[in-house]
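The next block holds one structure in the form of structure tokens; read it before the comments.
Here the structure is a predicted model, which is why all the values come from computation and not from measurement. Reckoned from all heavy atoms, side chains included, excluding hydrogens, waters and symmetry mates. One is the number of the first residue; the rest follow in order along the sequence.
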Amino acid sequence: MAQTPGASGQGSETISRRPLTPSEDRQWATVAHFGAFLGFVPSLVVFIVFRSRGPFSEQESKEALNFTLPLTVVGVAMNILAFLPIMGAIFGVVAVLLWVFMTISGVIAGIEVNKGRPYRYPFNLRIIR
């Protein structure tokens, strides 16, 4: 019985784990920041998938993840609290403003990163190092 290449799991990793070209590295770093309007998930995916393949995408996806993770958690909490009677409307408005802030900040960061410049959010918890 003949084995196909990669059947034992050895050959398939080298094909998909090739280093990113500089333009691909910049592209995935940009995606990590632009994904802020969806919360922390895009930056987490870019960080997990591309951190060992490109230094710029690792650095920038980590920065985006550190920025979006706490804000997403707070935003989800605000959306849950929006169902409370009387005070719920205030929590709902805060949740929308938080989402707008996160989206605008991600767009600004994505534009800078797309130019090849590293971006640091002014207010960022450096949870993931």
Inset, instruction - Any chance you could measure F50, atom CZ, to S57, atom OG, to the nearest 0.5 Å? - result: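 With rounding to 0.5 Å, CZ (F50) is 7.0 Å from OG (S57).
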Could you tell me whether the side chain of [X] and the main chain of [Y] form a donor-acceptor pair under 3.5 Å?
{"X": "D25", "Y": "L20", "value": "no"}
{"X": "R53", "Y": "R18", "value": "yes"}
{"X": "R51", "Y": "E58", "value": "no"}
{"X": "N66", "Y": "K62", "value": "yes"}

Distance-only criterion, 3.5 Å: show the donor-acceptor pairs between side-chain atoms of residues 84-107 and protein atoms not counting sequence neighbours.
from	atom 1	to	atom 2	distance (Å)
W99	NE1	F37	O	2.8
T103	OG1	W99	O	2.9
S105	OG	F101	O	2.9

Tell me, do [X] and [Y] make a side-chain contact under 4.5 Å, heavy atoms counted?
{"X": "F34", "Y": "V31", "answer": "no"}
{"X": "Y119", "Y": "I108", "answer": "yes"}
{"X": "F40", "Y": "V73", "answer": "no"}

Does one hydrophobic cluster hold both [X] and [Y], with members joined at side-chain heavy-atom distances below 4.5 Å?
{"X": "V113", "Y": "L69", "value": "no"}
{"X": "L71", "Y": "V74", "value": "yes"}
{"X": "F67", "Y": "M78", "value": "yes"}

Inset, instruction - Sort and list the pairs that fulfil side-chain hydrogen bond (donor to acceptor under 3.5 Å, both in side chains) and have at least one residue in residues 68-77, not counting sequence neighbours. - result: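 Checked against side-chain hydrogen bond (donor to acceptor under 3.5 Å, both in side chains) - neighbours excluded - the pairs reaching residues 68-77 are S43-T68.
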Legend entry - For N79, side-chain hydrogen bond (donor to acceptor under 3.5 Å, both in side chains) partners two or more places apart: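 In terms of side-chain hydrogen bond (donor to acceptor under 3.5 Å, both in side chains), with neighbours along the sequence ignored, N79 is linked to no residue.
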Inset, instruction - Identify, with sequence neighbours excluded, every residue that meets side-chain hydrogen bond (donor to acceptor under 3.5 Å, both in side chains) alongside T30. - result: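 Not a single residue meets the side-chain hydrogen bond (donor to acceptor under 3.5 Å, both in side chains) criterion with T30.
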Legend entry - Closest contact, heavy atoms only, F47 versus S61: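 Here F47 and S61 meet closest at CA-OG, 3.3 Å.
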Inset, instruction - State, to 0.1 Å, how close H33 and A64 come at their nearest heavy-atom pair, and which atoms those are. - result: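 Closest approach of H33 to A64, heavy atoms only: ND1-CB, 3.7 Å.
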Legend entry - Apart from F123 itself, residues in the same hydrophobic cluster as defined by side-chain heavy atoms under 4.5 Å: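 Besides F123, the cluster holds no residue at all.
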Legend entry - By salt bridge (Lys or Arg N to Asp or Glu O under 4.0 Å) - contacts of R120 (at least two apart):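 Scan of R120 (salt bridge (Lys or Arg N to Asp or Glu O under 4.0 Å), adjacent residues dropped) gives E60, E63.
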